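One structure below.
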Amino acid sequence: MHNSSQLKNEFIKKWIQGLQIYCSSKKQMNLLERTKKIKLSADIALASAKHSATCWSKAIISEAKKDERNTILINNLSDPKMNFKCAHQNLACLKRIRSRKILKKSCDVGIKMKKMKPRRQVSNLATCIAKRLVKKRTQVLKRLVPGGESMDEYSIIKEALDYILSLRVQVDVMKNLVNATTNFE
Amino acid sequence: MSSRRSRGTTRITDEQIVELVSKLQQLLPELRNHRSNKVSASKVLQETCNYVRSLHKEVDDLSDRLSRLLSTIDDDSPQASIIRSLIN
């Protein structure tokens with residue numbers, strides 16, 4: 001279950017922490033660098049506020065870890081337990097995807113044979129087109145959701161649901177901060 | 001979805017997927033008003049992709065705006081801490 005207000009509070013706390021870390025490290029930053037840091041700290045704060053509950057949040061953190069410059073930030077914001085779970089789950093996911101792909105290929109051959117029958121050709125075609133569209137859209141969604149590449153259809157929809165809700169929280173908080181800063185001046 | 005035997009993982013039913021897709025539809029601003037039985041899965045997925053993209057863009061825009069705002073008050077630390085307390 002997605003608890004928005006709890007996520008919001010966690011996110012705000014961690015994001016402020018992240019911003020403070022950046023403020024204390026370098027005084028002089030150009031606009032582009034600062035924008036990147038703000039966005040990065042927001043993303044990492046959002047992901048770590050989930051406490052390893054979702055795949056997308058783990059994917060964001062493991063992606064950020066690849067850059068050494070983010071180590072301080074990640075160490076301060078996230079739980080160290082996340083490491084081992086992530087790799088193991090990804091491997092299991094990839095194996096599942098591979099076996100599904102092999103299965104799908106053999107099923108597709110079966111579907112092609114069935115299509116030869118003249119009677120139900122029309123309805124099969126419509127279903128085929130619908131399936132292809134869904135598959136195409138699912139591929140796009142997999143690229144949009146962090147860590148989506150190694151997910152099956154059911155998981156990607158579940159993750160997308162949670163990801164959208166969390167992104168909304170992120171946008172909300174950032175908007176409030178921008179408004180507060182603007183009005184203050 | 002064809003039924004398949006998978007070792008150790010539970011079989012996902014079509015109903016579960018349909019339920020997820022309808023939940024997704026409730027979230028999307030474009031499709032919330034439509035009646036659920038009239039929207040196809042591919043349309044829901046397409047709108048989901050568009051929505052995620054627009055949320056990403058909003059985050060980028062807000063980061064940019066914040067960056068510009070914070071650059072003007074960076075030197076003045078009391079202001080920055082006041083803003084922090086405003087948010088908390």
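Every chain is numbered from 1 and lettered A, B, ... according to where its sequence line falls, protein lines coming before strand lines. The structure displayed is predicted, hence computed values, not measured ones.
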Query raised in the report: Hey, mind stepping through B:Val52 and A:Arg143 against side chain to side chain contact (heavy atoms under 4.5 Å, CB included) and telling me if it holds?
Result: CA-CA 11 Å; B:Val52 171; A:Arg143 270 180 258 137; over 6 Å; no
Requested in this report: Check the pair A:Arg34 / B:Leu66 against side chain to side chain contact (heavy atoms under 4.5 Å, CB included), numbers first and verdict last.
Outcome: CA-CA 9 Å; A:Arg34 193 194 304 267; B:Leu66 260 177; over 6 Å; no
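Residue B:Gln16 places its CD atom among more than 12 non-hydrogen atoms of other residues, nucleotides or ligands, all under 6.0 Å distant. Counting non-hydrogen atoms of neighbouring residues, nucleotides and ligands closer than 6.0 angstrom, the CZ atom of A:Arg137 exceeds 12 such neighbours.
Using a 4.5 Å heavy-atom cutoff, the side chains of A:Thr35 and B:Arg68 are not in contact. Two residues are said to be in side-chain contact when any heavy atoms from C-beta on lie closer than 4.5 Å; B:Leu27 and A:Arg168 meet this criterion.
Within the model, atoms CG of A:Asp43 and OG of B:Ser63 stand 7.5 Å from one another, a figure rounded to the nearest 0.5 Å. How far CD1 of A:Ile38 is from CZ of B:Arg65: 12.5 Å, rounded to the nearest 0.5 Å.
Among A:Lys36, A:Gln170, A:Lys136, the residue making the largest number of heavy-atom pairs under 4.5 Å with chain B is A:Gln170.
Between B:Ala41 and A:Val134 the shortest heavy-atom distance is CB-CG2, 4.1 Å. Residue B:Leu62 comes nearest to A:Val171 through the heavy atom pair CD1-O, 3.7 Å, listed as atom of the first residue, atom of the second, then distance. Heavy-atom minimum distance, A:Leu144 versus B:Cys49: CD1-O, 3.4 Å. Scanning both residues, A:Lys158 and B:Leu20, for their nearest heavy atoms gives N-CD1, 4.0 Å.
Residues A:Tyr154 and A:Val145 fall within the same hydrophobic cluster, defined by Ile, Leu, Val, Met, Phe, Trp and Tyr side chains chained together at heavy-atom separations under 4.5 Å. Under the 4.5 Å side-chain heavy-atom criterion for grouping Ile, Leu, Val, Met, Phe, Trp and Tyr, A:Ile157 is not connected to A:Leu133 through any hydrophobic cluster.
Judged by distance alone, the side chain of B:Ser67 and the main-chain N or O of A:Leu31 form a donor-acceptor pair under 3.5 Å.
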